[in-house]
Amino acid sequence: MASGSGAAPKGAAGARSATLKRCLDVLRDASNDSEQFAALLLVTKAVKAGEVDSKTRRQIFDAIGFTFPNRLLTSREPPSGCPEHTFRALGLTLLACFCTDPELAGHSQILNKIPTFNDVLVSSCDPDSTSMIDDAYQCLTAVMATPRGPRELVTKGTVAALCRAYVNGNYGSDRALTLLLGLLAVAEAKCWQRDAQHLLAVLSKLTEEFLNAEDMTKFELCELLPHFIPLSSPLTRDSKGSECLHRIYKGLAKILVSKLSHSQRDPALKLAACLIQACGPEWIPAGSTGSKFLALLVNLACVEVRLALEEPDPMDTERKKEVVTACYVLMEMGIQECLKEEESLLEEAQKMQLIRIMEEAFGAIIYYLRQVTEEELQDPFVFASVRILGAWLAEETSALKQEICELLPFLVRYAKKLFNSGTAEGLPQAEGVQAGLASTEGSVLPQDALRFLLPGFCHLTAEDRPREILISEGAPALLCDYFLHQWKVLTSEPGSLTPLTSTEMSLQTACGIFLNLVVTAPDLIRQEKTFCSLMDTLLKALPFLLPQKDHLVLAANVATLGLMMARVLASSAVLQETQSTKEFFGATIRFLSEAHTAQADPSSHQLALAVSPAYASAWGDIGRAGGAGQSQQAVQGSDPVPQRGGVGQPVRHGSFGAVSVRAVELNRFCSVQNLTRRIVAASEHFKVSLLDLLSVLCFKNSPFYY
């Protein structure tokens, strides 16, 4: 029986193959359209029945080619007694058959038919045309799977056609939504750039369903909506987008105040995190209702983090990682809102409560990180956890002090491992993505953990015990290598530097760490060889940065650090008389002297000091960094003290208001004279070069210059 049952199908298959072969022979030998059409009808039945393999489909294509299907698609005269779209339907069926071959799906003849497929999706549908729509979807799906497909679909209007098909509820609209999700996954920015209004129409329909749903559909939409929240084009810029955001807010508010299972609450938290990443907290309305919602959101996120990290479920680890990463986004937003002094959505009492709750959540994160094994270091979730901890340490280092000190060796070891592996692979230090949902899938450069730890390290190096731990773990040498690498990245582009990037911010923060070390651990600066390499880079960096006025804050940090390190490394080989040394001190003096200009003071009828126009836009940031003030202190050789003032400000006094240019220039002269005396005393090699630099003092164009 077994052998007999196997023989019958084999015989039937052979018979079908012979029939198909005869049809193909007729196709090849057909002398007119009628003969081709008759043979095609038989072939089409076999194709629809799924009775051909890839080899046979290729034989069909070789027999037919693209010419005849193209004529069928454009023909407007159906056979007598046949529906109007008979020829067109046959042509689409053939193309759908061809598209099952990936090579043919990417053929230019198929790509050129994309507008035709789009038209079929949005045309009026009757019972006889559903097969055409199915074939059109099959063709579009096959095209999207080819290398050129997504780009061709976006440029040829498929996004708009899919949106219209879904919004209008056309036949196959569920397939339209699936295709849209695929295109948004690979070309979100292009889709929103070309078809924002059509996509907003889809989002509007989805958010209305989300707001009104009272069953499990609501939670299914929580999973779907993030795909239609663009990171590239904030929805808050558009009135329709703002309406969609408000509907999502109202729908989430209903969910979060309800008693839910984890499977229901988790998608809501992920949706909220997606909105925070794309729009910030702008979608949350101001007032008591919005503040309560925001506080609840952060509170739930912290609770979820503690439950997942303190009491992990081994059977649910991977799914929870995705949810916890979303909670990290919400916690970071909570940190930012708690720090705001103005226009915060939170009231002071709410801030204090959330800080306590977040402290407990960060305790759980520290506990988790202390359990991480060597094999888990490449896990993107570990990176996401380190990143959010870095955001906390950037603002709060007094809480959990003991736990943080105990974790520092791991953080240094983790950052070193990822940085070394990243540079060894030659990976560029790209901007990457925001922390949060995307981090679980790996950022452009997940190896750059130091970028997120630098602000916290800057605070910690100002304290004795954390600084000692960081030094003992080799953090200073790592930070020097990181600075040198980031400087190469920043200057790798030809011509002028790009606008402010995370790379430049990292360099600025690293300067702050090094300043702390120069002041508190000068012996370390003398002993670590990498600081000589850092000094050499600083000498060359300032003359390069100074002419580029878009980077004055970094220039201020480099000037300050360079001067402070020069006092410690005055006898080292790197600071002997060289062209780099001359250019650095010359650039430092120019930086100080060009920061202010003389302007008439109407009240005193004298010239008064004012920030020069070139420095005006950056002056607030320079002041917050202490750049100009600390540069002045370094020039004078005084002990470093916090400064917010500018070039002519006395070192140990507050704002000087309107002062005469003569007094300011005298102050500058004394400062540089003091610098000259101190460094010449330390090294005779500087004597000639620094005396030469006196010619660039602020005597020129001042009351002292005659």
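With values rounded to the nearest 0.5 angstrom, L162 atom CG is found 7.0 Å from N118 atom CG. How far OG of S502 is from CE of M505: 9.5 Å, rounded to the nearest 0.5 Å. The line from CG of L297 to OH of Y249 is 10.5 Å long, rounded to the nearest 0.5 Å. Note that SG of C302 and CG of L307 are 11.0 Å apart. Values are rounded to the nearest 0.5 Å. Of the inter-residue distances, the one linking L72 atom CG with T86 atom OG1 reads 10.5 Å to the nearest 0.5 angstrom. To the nearest 0.5 angstrom, L225 atom CG is 8.5 Å from L275 atom CG.
Here the shortest heavy-atom pairing between C99 and A142 reads O-CB, 3.4 Å. Considering every non-hydrogen atom in both A273 and V329, the closest pair reads O-CG1, 3.6 Å. When all heavy atoms of F117 and A136 are compared, the pair lying nearest together is O-CB, 3.9 Å. Contact detail for A449 and L418: the closest heavy-atom pair is CB-CD1, 4.4 Å. The nearest pair of heavy atoms linking F210 to G251 is CE2-CA, 3.6 Å. The shortest heavy-atom contact between C191 and V159 is SG-CG2, 3.8 Å.
For W283 and F293, the ring centers sit closer than 6.0 Å to each other. Between F98 and H107, the ring centre distance reaches or exceeds 6.0 Å.
Ion pairing between a basic and an acidic side chain is recognised when a charged N comes within 4.0 Å of a carboxylate O; K321 and E318 show such pairing.
Checked by atom type and distance alone, the side chain of T178 pairs as donor or acceptor with a backbone atom of D174 at under 3.5 Å. Under a 3.5 Å cut-off, the side chain of E209 and the backbone N or O of L206 do not form any donor-acceptor pair. Checking side-chain atoms of K156 against main-chain N and O of K113 turns up no donor-acceptor pair under 3.5 Å. Side chain of D195 to backbone of H198: no donor-acceptor contact under 3.5 angstrom is found. In this structure, N170 contributes its side chain and L121 its backbone to a donor-acceptor pair below 3.5 Å. Remark: the backbone N or O of I388 is not paired with any side-chain donor or acceptor of E332 at under 3.5 angstrom. Not a single donor-acceptor pair under 3.5 Å links the side chain of Y171 to the backbone N or O of S131. No side-chain donor-acceptor contact under 3.5 Å links K270 to the backbone of E223. Here the side chain of T74 pairs a donor or acceptor atom with the backbone of N70 at under 3.5 angstrom. Between the side chain of S173 and the main chain of A176, no donor-acceptor pair closer than 3.5 Å is present.
A heavy-atom distance below 4.5 Å is found between the side chains of L180 and L199. Annotation: side chain of C279 is in contact with side chain of L245 (closest heavy-atom distance under 4.5 Å). You'll find the side chain of H227 stays beyond 4.5 Å of the side chain of E188, heavy atoms only. The side-chain heavy atoms of L181 and L224, taken from C-beta on, include a pair separated by under 4.5 Å. For the pair L92/Q138, no side-chain contact is recorded, criterion being any heavy-atom separation below 4.5 Å from C-beta on. T146 is not listed as a side-chain neighbour of P102, based on a closest heavy-atom distance of 4.5 Å or more. For the pair M144/L140, no side-chain contact is recorded, criterion being any heavy-atom separation below 4.5 Å from C-beta on. Between K417 and Q378 the shortest side-chain heavy-atom distance falls below 4.5 Å.
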key: K320 and H262: CA distance, side-chain angles, deciding distance, side-chain contact (heavy atoms from CB on, under 4.5 Å) verdict   = CA-CA 10 Å; K320 275 301 180 183; H262 282 294; 3.6 Å; yes
side-chain hydrogen bond (donor to acceptor under 3.5 Å, both in side chains) between T373 and E376, intermediate numbers included = CA-CA 5 Å; T373 64; E376 296 174 311; 3.3 Å; yes
message = Between R148 and L111, is the side-chain contact (heavy atoms from CB on, under 4.5 Å) condition met? List the steps.
response = CA-CA 9 Å; R148 290 175 53 194; L111 299 180; 3.6 Å; yes
ask   = Would L203 and L235 satisfy side-chain contact (heavy atoms from CB on, under 4.5 Å), going step by step from the backbone distance to the final call?
value = CA-CA 10 Å; L203 182 60; L235 294 172; 3.7 Å; yes
message = Please determine whether ring pair (Phe, Tyr, Trp, His ring centres under 6.0 Å) holds for the pair Y368 and F381, giving the CA-CA distance in whole Å, both sets of side-chain angles, and the decisive distance to 0.1 Å.
response = CA-CA 11 Å; Y368 161 74; F381 180 70; 5.3 Å; yes
task = Report the C-alpha distance between L271 and L221 in whole Å, list the side-chain angles of each, state the deciding distance to 0.1 Å, and finish with yes or no for side-chain contact (heavy atoms from CB on, under 4.5 Å).
result = CA-CA 9 Å; L271 174 57; L221 287 168; over 6 Å; no
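Shown are K240, E243, R247; of these, the side chain to side chain donor-acceptor pair (under 3.5 Å) with S204 is made only by R247. Of the candidates V324, T325, I365, I365 is the only one forming a side chain to side chain contact (heavy atoms under 4.5 Å, CB included) with S385.
Sparse packing is recorded around CD of E103, with 12 or fewer heavy atoms of other residues, nucleotides or ligands lying under 6.0 Å away.
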